[in-house]
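Let me begin by presenting the structure, written as structure tokens, before commenting on it.
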Amino acid sequence: QKEVEQNSGPLSVPEGAIASLNCTYSDRGSQSFFWYRQYSGKSPELIMSIYSNGDKEDGRFTAQLNKASQYVSLLIRDSQPSDSATYLCATLIYNFNKFYFGSGTKLNVKP
Amino acid sequence: NAGVTQTPKFQVLKTGQSMTLQCAQDMNHNSMYWYRQDPGMGLRLIYYSASEGTTDKGEVPNGYNVSRLNKREFSLRLESAAPSQTSVYFCASSTSTGDQPQHFGDGTRLSIL
């Protein structure tokens, strides 16, 4: 079992819709959670961090964390074609400085 | 605002050749990492250095060596390149305390013929 699981996709949504990306993790010691966006041929870019249960909003992006269910999600409102990328979920157990990355979900936003 | 700098950006090697990938960060981070990324495989950790003077194996260390030259620099060496090492290599860094994320370099695209 992988530490962080993501559906590989592709997830296709029309422009203007809400894209919902999901991630589950196995280690209950995970303390910090991150979403990275990776465009084709580019490096991962941090877009959201979340540390406590609930929602965290930043512009069109909302990260949601449920530690009891070991579940993290990223919502992208008013999706744009420029949001088309692979989204990587990552967790951190910072007592051990252990990062774990999911394999990523590919998002296609159709004009 | 250089962040994490990797050199070279592209490289083509012949099987059996050796080379060193360089990585430097200017964020005063303690921890540095080397990953490889292959299609459909996600990021796989090769080696990491929690702090200056220490290195540890990750998930896929075979065929690689690393050197943490100082706090800023962390290099990855392929002693005898094999076609299976064709990949995109990313260096990343982070603080070793607290809850901060990793920051990535632009990557090195390496082809082994």
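Below, chain A is the first sequence line, B the second, and so on; all start at residue 1.
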### Single-linkage hydrophobic cluster, 4.5 Å side-chain cutoff, A:Val13 and A:Leu21 together
yes
### Task
Under 4.5 Å heavy-atom distance to chain A, tell me which part of B:Arg44 shows up: side chain, backbone, both or neither.
neither
### Query
Of all heavy-atom pairs between A:Tyr51 and B:Gln100, which one has the smallest distance, and what is that distance?
OH-NE2, 4.2 Å
### Task
Report, as yes or no, whether the 6.0 Å neighbourhood of atom CG on B:Leu69 holds more than 12 heavy atoms from other residues, nucleotides or ligands.
yes
### Message
For the backbone of B:Gly105 and the side chain of A:Ser43, can you confirm whether one donor and one acceptor N or O come within less than 3.5 Å of each other?
### Response
yes
### Task
Verify the cluster assignment for B:Leu110 and B:Tyr35: are they in a single hydrophobic cluster under the rule of side-chain heavy atoms below 4.5 Å apart?
no
### Task
Go through the atoms of A:Gln38 and report whether side chain, backbone, both or neither lie under 4.5 Å from a heavy atom of chain B.
side chain
### Query
Does the side chain of B:Tyr48 come within less than 4.5 Å of A:Phe99's, by heavy atoms?
no
### Task
Please indicate whether A:Lys56 has more than 12 foreign heavy atoms, meaning atoms of other residues, nucleotides or ligands, lying under 6.0 Å from its NZ.
yes
### Query
Quick one: do A:Leu75 and A:Trp35 end up in the same hydrophobic cluster if we chain Ile, Leu, Val, Met, Phe, Trp and Tyr together by side-chain heavy atoms under 4.5 Å apart?
no
### Task
Flag the pair A:Tyr36 / B:Gln102 as yes when at least one side-chain heavy-atom distance between them is below 4.5 Å, and no otherwise.
yes
### Summary
Whatever's closer than 4.5 Å to a heavy atom in chain A on B:Gln37 counts as side chain
### Message
Taking the six-membered ring for Trp, are A:Phe101 and B:Phe104 closer than 6.0 Å centroid to centroid?
### Response
yes
### Query
Just wondering, more than 12 heavy atoms not from B:Lys57 lying within 6.0 Å of its NZ?
no
#### Entry: Min side-chain heavy-atom separation A:Pro44-B:Leu43 under 4.5 Å
yes
### Query
Is it the case that one hydrophobic cluster holds both B:Val60 and A:Val4, taking links as side-chain heavy atoms less than 4.5 Å apart, direct or via other members?
no
